[in-house]
Each structure stands twice: as C-alpha cells, then as structure tokens.
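See structure below.
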Amino acid sequence: MSLAETLNVQRLAGWRPGLPPGRALLPYAVPAAILLAWEIAGATGLIGDRVLPRPSEILATAVRMTLSGELLTHLGVSAARALAGLVVGGGIGFALGVANGASRISETLTDSTLQMVRNIPHLALIPLVILWFGIGEGAKLFLVALGVFFPIYLNTLHGIRNVDPQLIEMGRAYGMNGRQLFRRIVLPGALPSIFVGLRYGLGIMWLTLIVAETLSASSGLGYMAMQAREFMVLDVVVLSILLYAALGKLADTLTRALERRALKWSPAYANR
C-alpha cells in the first residue's frame, strides 16, 4: 500500500496523529491556564478587583447565588427561552431547508425572499420587534428564533442538495419510494451539514439571547447582568458572561455527542 493510500485509510478511520492518550482533557488546558494566570494576576495586584474580579471571587459569588436559588432561577429562564427559540426557529429552518432542497418549485418561490431577509441583521430589527410584540416574551422568542433560523436553513438546504445523485439512483434501482429514499439516503447524507448548521445556530442563539434579555426582562442571565451593572456589582456581571460561555460550550458538546451518535455509521466519525 502506498503512503497516500495509507494516509487516506487512517483519515477515514478517524486517526489523528500527535494526540496523547488523555486527549479528553486537552481542550481544557488553555482555559485552565487562563484562569490560573487570571487568579495570580488578581492576587498580586496586577489586575485590580475593581477592573476584573478574580475567578475565586466569582466562584464564591456563584456558590452564594446558587444556595439562595437566585442563580438557578435565572439559568432556568434563560435556558427555557433559548430552547424555545431553537425549537421554533430551527424547526422552521429545517422544514424549509428540506422543502427547498428537495423541490425546485419551492426553492424558486421562497429562497430569494429568504436570502433578502437573511442579509438584514436580525438584531437591527429590535425597534420593529418591540413595536410588533412589545417587550414581553414574544419579542425575545422572535429574535432568538430568527437568529437560529438561517444557519439551520442554509446548511440543511446545502446538505440535501449535495447528496450523491448516484446513491439516489441506486436507491431507486432497489425499488425505494420517495419516503424511503429520503429516510435512508437523503437525510443521512445531509446530516453532517445539518449538524454544522445546528452548531452554528446554537452560537447565534446565545448571542441573540444576551441582547434579547436586555429588553425590559425581569429574569434571566441578561437581566441579572444588567441589574448588576446598575449597582456596579462587577463579579455578578463577569459571572453572567462566563455562564453564557459555559452554556454555549455545553450546548456545543451535547450537539457533537449527538452528531457522533447519529453518524457512527460514517468512517469519518467512527473514532471521534
């Protein structure tokens, strides 16, 4: 076997050189080093507590707010808003992506309009959204759903359109009907692209939620940060930012685990 063939086989098997046996902890090495340097800089006075509180102080604040139940309440509200926006925006985006990917007529009717709307920054619609929905939960849900919609729509459309036509012809040769072709060939072939859209959409979801929760909210992490800013409670502000980062990482990790499980049939995902 030639070197090129060997490298190709290793790539398909998910082999990646240079990774130690304990590679599961490796992604956390850089964040841990940053937190350690941050703590040392704060303890030595290099960074003042009025500029950036130390991680130990932020952790103490998180424990105190957790024991009081305040932090869990805000976390639950923000998570519920994010999940609702993901379900609504992601569901519509997936459905339209499938429809436009499978039907030229559907794509001709709707894709041009969607592409025009996509080029409007969804956060620039906040004044209009307030006029439409007021400052209640409807405005927040709309903004989050709109932010999630386009990444999932575009990647679903791309995935459906890029399924190997020869596989579809082979399925037809085996007597599969349209529903069987979609379930056994088209959807599995589009899943890698769909998961890329989902991961991208999750990032925009949290970004949008941060802004949406400043719209006269009475609960949620964004509200907690705004209240802390009003009273100059810097450790709570930083805690809110770190929680958004942690929630984003958790959502991405869960999505990647689901991706590996759904695509375990693919050699490219076998050993990830």
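Atom set for the values below is all heavy atoms of this structure, side chains included, hydrogens, waters and symmetry mates excluded. For the single chain, residues carry numbers from 1 onward in sequence order.
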| task | Name all residues meeting the side chain to side chain contact (heavy atoms under 4.5 Å, CB included) criterion together with D252; count only those two or more places apart in sequence or in a different chain, and write none if there are none. | result | R199, R256

| query | Partners of A251 by side chain to side chain contact (heavy atoms under 4.5 Å, CB included), sequence neighbours excluded? | reply | L202, W206

By the ring pair (Phe, Tyr, Trp, His ring centres under 6.0 Å) test, which pairs, at least two apart or in different chains, include something from [range]?
range: residues 42-85; value: H74-Y223
range: residues 83-107; value: none
range: residues 173-203; value: none

Please round to the nearest 0.5 Å and tell me the distance separating atom [atom1] of [X] and atom [atom2] of [Y].
X: I58; Y: L35; atom1: CD1; atom2: CG; result: 8.5 Å
X: E169; Y: D164; atom1: CD; atom2: CG; result: 10.0 Å
X: I160; Y: S103; atom1: CD1; atom2: OG; result: 12.5 Å
X: L209; Y: L86; atom1: CG; atom2: CG; result: 11.5 Å
X: Q227; Y: R229; atom1: CD; atom2: CZ; result: 9.5 Å
X: M224; Y: L71; atom1: CE; atom2: CG; result: 5.5 Å

Check whether any side-chain heavy atom of [X] sits under 4.5 Å from a side-chain heavy atom of [Y], and report yes or no.
X: L191; Y: L263; value: yes
X: P151; Y: I204; value: yes
X: V117; Y: H122; value: no
X: T208; Y: L146; value: no
X: F149; Y: L114; value: yes

Enumerate donor-acceptor pairs with a distance under 3.5 Å from any side-chain N or O in residues 232-242 to protein atoms, sequence neighbours excluded.
unit_1, atom_1, unit_2, atom_2, d
D235, OD2, T61, OG1, 2.7
S240, OG, V236, O, 2.9

| query | Between L198 and I152, is a side-chain contact (heavy atoms from CB on, under 4.5 Å) present by the stated rule, with each step listed? | reply | CA-CA 6 Å; L198 178 59; I152 294 180; 4.1 Å; yes

Please give the remaining members of the hydrophobic cluster of [X], linking ILVMFWY side chains under 4.5 Å, ordered by chain and number.
X: L131; value: none
X: V196; value: none
X: M226; value: none
X: L83; value: V87

| task | Check the pair I120 / L125 against side-chain contact (heavy atoms from CB on, under 4.5 Å), numbers first and verdict last. | result | CA-CA 8 Å; I120 302 173; L125 296 175; 4.0 Å; yes

| task | Report the residues that fulfil side chain to side chain donor-acceptor pair (under 3.5 Å) with S106, sequence neighbours left out, ordered by chain and then residue number. | result | N100

Is there a chain of hydrophobic side chains (I, L, V, M, F, W, Y, each step under 4.5 Å between heavy atoms) that links [X] to [Y]?
X: I40; Y: I34; result: no
X: F142; Y: L128; result: yes
X: F133; Y: L141; result: yes
X: F150; Y: L207; result: no
X: M65; Y: L67; result: no

| field | Residues L247, L75; criterion side-chain contact (heavy atoms from CB on, under 4.5 Å); working and verdict | value | CA-CA 9 Å; L247 288 171; L75 269 173; 3.8 Å; yes

| query | Of all heavy-atom pairs between L221 and S78, which one has the smallest distance, and what is that distance? | reply | N-OG, 2.8 Å

| task | State, to 0.1 Å, how close V186 and V163 come at their nearest heavy-atom pair, and which atoms those are. | result | O-CG2, 3.5 Å

| query | Within a radius of less than 6.0 Å around CD1 of I105, do more than 12 heavy atoms belonging to other residues, nucleotides or ligands occur? | reply | no

| Do K140 and E213 meet the salt-bridge criterion of a basic N to acidic O distance under 4.0 Å? | no

| request: Could you tell me whether R161 and E107 make a salt bridge, using a distance below 4.0 angstrom between a side-chain N and a carboxylate O? | output: yes

| note | Sorted by chain and number, sequence neighbours left out, salt bridge (Lys or Arg N to Asp or Glu O under 4.0 Å) with E57 holds for R54

Donor-acceptor contact below 3.5 Å, side chain [X] vs main chain [Y]:
X: Y153; Y: V148; answer: no
X: T44; Y: A41; answer: yes
X: W38; Y: I47; answer: no

| task | Verify the distance criterion only: is there a donor paired with an acceptor across the side chains of Q115 and D111 at less than 3.5 Å? | result | yes

| query | When you look at H158 and N162, which way does the side-chain contact (heavy atoms from CB on, under 4.5 Å) test go after all the steps? | reply | CA-CA 6 Å; H158 176 269; N162 283 275; 3.3 Å; yes

